[in-house]
Amino acid sequence: MTEAIVEQTEETIKPPATSVGVIGWIKANLFNSWFNAVLTIVILYFFWKIVPSFIRWAFIDSLWMSTGAECHEAGGACWSIIPANIRFILFGFFPYELQWRPLLAMIMLVGLLYYSQNRKHWKKSLAYAWFIGLFIMGLLMKGGLFGLAPVESSQWGGLPLTLLLSVFGLTAAYPLGVLFALGRQSRMPAIKTVCVVYIELIRGVPLITLLFMSSVVFPLFLPEGITINKILRAQVAIILFTAAYIAEVVRGGLQGMSKGQYEAAESIGLNYYQTMRLVILPQALKIVIPPTVSQLISAFKDTSLVVIIALYDLLKTTQSVLSDPKWMGFSTEAYIFIALIYFVCCFFMSNYSRKLEQELDTGL
Amino acid sequence: MQEISDGTTADNIPEKVPFFNDPAKRSIMFQLGVMLILVLLGYYLIANTMANLERQSIATGLGFLEKESSFEIGESLISYSAADTYARALLVGVINTLIVSFIGIILTVILGTVIGVARLSANWLVSRMAAVYIEVFQNIPVLLQLFFWYAIFYEFLPSPRQALGPVTGVFLSNRGLVFAVPASHPAHKYMAVAFLGGCVLVYLLRRWARKRQESTGKPFPVFRVSVGIIIGLPLITWWLAGAPTAMDVPVLAGFNFKGGVNISPEFSALLLGLVLYTAAFVAEAVRAGIQSVSKGQTEAAMSMGLKSGKVLNLVILPQALRVIIPPLTNQMLSLTKNSSLAVAIGYPDFVSVAGTTINQTGQAMEGIAMMMVVYLFFSLTTSAFMNWYNKKTALVER
Amino acid sequence: MMSNKQPEKNEKESSNDAIIEIIEMHKWFGEFHVLNNINLKVRKQERIVICGPSGSGKSTLIRCVNRLEEHQRGRIIVDGTELTNDVKNIEKIRAEVGMVFQQFNLFPHLNIIENLTLGPIWARKVPKKEAEETAMYYLEKVHIPEQALKYPGQLSGGQQQRVAIARSLCMNPKVMLFDEPTSALDPEMVKEVLDVMMSLAREGMTMIVVSHEMGFAKSVAHRVLFMDFGRVVEENTPKEFFENPQHERTKLFLSQILH
């Protein structure tokens, strides 16, 4: 066969109508097989049954700014429980007139976090900014200097307490975790054993046992007369807990480092600390940023456990409101509100982690 | 003698290295130093603790285990009353933890797998809904979820006198879910035996079917026949024993139901909260596992003419399971640890019972140590299993 | 081992000698017209090489033949069976058509023998011993019988691709499709795979090969097709194709790859 194909006239033929456009999308995504067609119909039916009654409960019959009594009369959702109690839910027992201080502290925190998002800002000046920022936030909460009235830590509560426990928890846990990870990789048997025992012990027990320990056992460790306030004890427990998990995350990064890096550093004449500080850790820590952010999200969620040792974080303040007879019975609405707060924070953090992962993937 | 600067003398004996420059000696000194600090710290803490315990007249040791507990436990699988010892109370706690963890793990694996597969569905609605589920349930603290479900149970459900009856014999109220079960009958023992016998039979059947396929090439519908045997044998036994149909029906007596099986709202809320939360993480692990198998594998298998069921069983699942099992085991462990949150909604799991014990005896050290030991046992067993599994299924590479 | 079914004789257009017929075939990815009016008849024992720039649709074309991609218009007939949505037809065709992928796609969790016997045992219901004998036979043909118990991860790229070819041969296909079989190989391993393909050709296998290996095309192909933008632009014997390209695009392409 020695023919050459003759050029056809360039008439464009359109694809079949059922495979493009909206119809094409619907066919390809919702009805692309018998099973899927049935599923789509069942799901749409389910929505049609449930969604209208939910919308009626949540938005149409609901009250947004009423009193408790009015809420009990009406049948819809009682969202008014939130506006009526918002100051207590958010700030706990912090003195009413001084609540601008925790508010300011939270705004600063959110601002710093937002600024730190952009990788271009990751310079030494950022670390200083954080340091100063954390100091100012602590000052705003505690008072006692610069004319700010002192506020006992037993009065700290609500959202600032949650944020405080998570942020300080992770900031302190991170270096501690890195140390434990390095210790676990060490060739010195005593150090390695101590680190392994610590990490496996802490990771093997639920956080609540450590919180119980902080609440009941830590006071026993101290000599007579010295007490540490409850929040600090819980903070220490959270730090110790998170550090063990960070240690495992960092260990993953360290194990991913090729032997050649260690060898190159040795041949230049760097000692152990220099090697770790200048060569290994910068690379290893960068690799494990995504699982580290994931750990921050977990730490944030775990602060809610301090409810059980009666610390007034966001969850506990809400529960106190619910035990008020005026507002009893509206747990669903209140819990949905806090769930939204947690969800928004965690969702942003996990989105950020995903974005970061993508950026680092293409960059390396 | 000449000083040769390579560290040896002219006789080629290595110079004695100054004590503190020898890395081996340095390392030993460092370790000794760290151990010394730890020992001193430990001594300090223990001394303080002993002093404090004495001052507060708190006993030490495990003697309290033999004492009478004098508190009731809401639900228990084994018989227990306030006159029993603390040891028995703690045992009840452990059993409760195991029950909720065991059932929770089974339900979570099923639900998580379904959602994980749904996440990858070609149906846009299904995959979007799965994605929303995963995002929502992962990002809300598990304790909040437990409180939420518990609140739903006792705020939305009526009292037993006005219990909901969705199906005859099933009653839903704020005291729990009650339903009828077959009344105790000797036939049940025989049915259990028949079930076990059926399992053995299925095992032998599989071996025989595999041998037959290897020698003749003809496949045998092992799955369908196995299901038939496992359901059929107990059913036949039941029929032979006279087909007993007497039921233990719950009846409203006073303020609550008597008879039947009662699942408390605490247990239900705990189970529901734990399962829904952990399933979101399992779904992600399942999804990642399935996606880890490259599309080319499916294409190669299909190009050979294998049906999609076989492609799944022989090519995709073995590879996907390798990636799924480690995080799955972690989630199972996480569920077991999270079951300790039962103390917050009043289900008497081990932590809850131990907490009450601590309150009554004041012996916090022993109580918390016991809590940790029990959970450590779970964790270490799970780690050991995972290590074994990883070794066994590692892909052989250069 | 194989059940011979009677080819359907009610299609007057199919010529008796053609084992693959593609008639006015079109395919779109959304709005993108990836295959535009493809007409191709492949006779038994014929060897076709398809070349062209990336994105021209050549891989999509052969993937349509074993239904890894679906065509939207036109007909594809393989060994008398028409390729439609009917699952039975698809399975029948896939058993007759072997495919070798650019990325080999060996099953990493099975050893070599298990890779080769998977299809015969489960799709053709062959007893295990017979399947293993066939597998060893083809392993010897591709010159690596000693690797039988190793795992794919332990083999080099060239070895893996030869195993992949043997794996397809174990199903006794009538046609072999090759989708850029040597493109993912290190240069020193390309020859060993091409040698296997050439010995296959000498034994009379019908082959459609998408490849840039022009030496292979020159020595073994009956026809060379050049595709661009979804169309078959030129089709000729190797001699004519390389010495007398008719179209500007063909000339341009050849000048780019034959330097």
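What you are looking at is a predicted structure, and each value in this text was computed from that prediction instead of being measured. Atom set for the values below is all heavy atoms of this structure, side chains included, hydrogens, waters and symmetry mates excluded. Below, read A as the first sequence line, B as the second, and so on, with proteins coming before strands; counting in each chain starts at 1.
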Option in [options] with maximal non-hydrogen atom pairs under 4.5 Å from chain A:
options                                : result
B:Thr336, B:Ile140, B:Val142           : B:Ile140
B:Ala364, B:Ser379, B:Ala344, B:Ala122 : B:Ala122
B:Asn338, B:Val136, B:Leu38, B:Leu380  : B:Val136
B:Leu341, B:Ile28, B:Leu53, B:Thr382   : B:Leu341
B:Asn52, B:Asn123, B:Val34             : B:Asn123
B:Gln145, B:Arg55, B:Gln138            : B:Arg55

Are any of the side-chain heavy atoms of [X] and [Y] separated by less than 4.5 Å?
X        : Y        : answer
B:Met365 : A:Leu220 : yes
B:Phe350 : B:Leu90  : yes
A:Asp313 : A:Ser304 : yes
A:Phe337 : A:Ile81  : no

Under 4.5 Å from any heavy atom of chain B - which part of [X]:
X        : answer
A:Pro189 : both
A:Ser350 : side chain
A:Val344 : neither
A:Phe330 : backbone
A:Leu201 : both
A:Phe47  : side chain
A:Ile308 : side chain

Would you mind checking which part of [X] comes under 4.5 Å of any heavy atom in chain A, side chain (CB onward), backbone (N, CA, C, O), both or neither?
X        : result
B:Phe30  : side chain
B:Gln56  : side chain
B:Met129 : side chain
B:Val374 : neither
B:Leu125 : both
B:Leu32  : neither
B:Ile368 : side chain

Pick whichever of [options] has the most heavy-atom pairs under 4.5 Å with chain B.
options                                : result
A:Ile341, A:Val216, A:Ile336, A:Leu305 : A:Leu305
A:Ala190, A:Ser298, A:Pro223           : A:Pro223
A:Asp302, A:Thr40, A:Leu207, A:Thr303  : A:Thr40

Side-chain donor-acceptor pair present, A:Tyr335, A:Gln319, cut-off under 3.5 Å: yes
side-chain contact (heavy atoms from CB on, under 4.5 Å), that's the test. Do B:Arg128 and B:Val132 meet it? Break it down for me. CA-CA 6 Å; B:Arg128 281 289 105 206; B:Val132 166; 5.5 Å; no
Do [X] side-chain atoms and [Y] backbone N/O form a donor-acceptor pair below 3.5 Å?
X        : Y        : result
A:Ser215 : A:Leu211 : no
A:Thr317 : A:Ile89  : yes
A:Arg251 : A:Gln185 : no
B:Ser334 : B:Asn330 : no

Closest approach of B:Glu266 to B:Ile345 (non-hydrogen atoms, all atoms of both residues): CG-O, 3.2 Å
In sequence, state the C-alpha distance, the side-chain angles, and the governing distance for A:Val194 and B:Met35, and then conclude on side-chain contact (heavy atoms from CB on, under 4.5 Å). CA-CA 9 Å; A:Val194 165; B:Met35 296 306 287; 4.2 Å; yes
Around atom CZ of B:Phe377, are there more than 12 heavy atoms from other residues, nucleotides or ligands closer than 6.0 Å? no
Between A:Tyr245 and A:Phe241, is the gap from one ring center to the other below 6.0 Å? yes
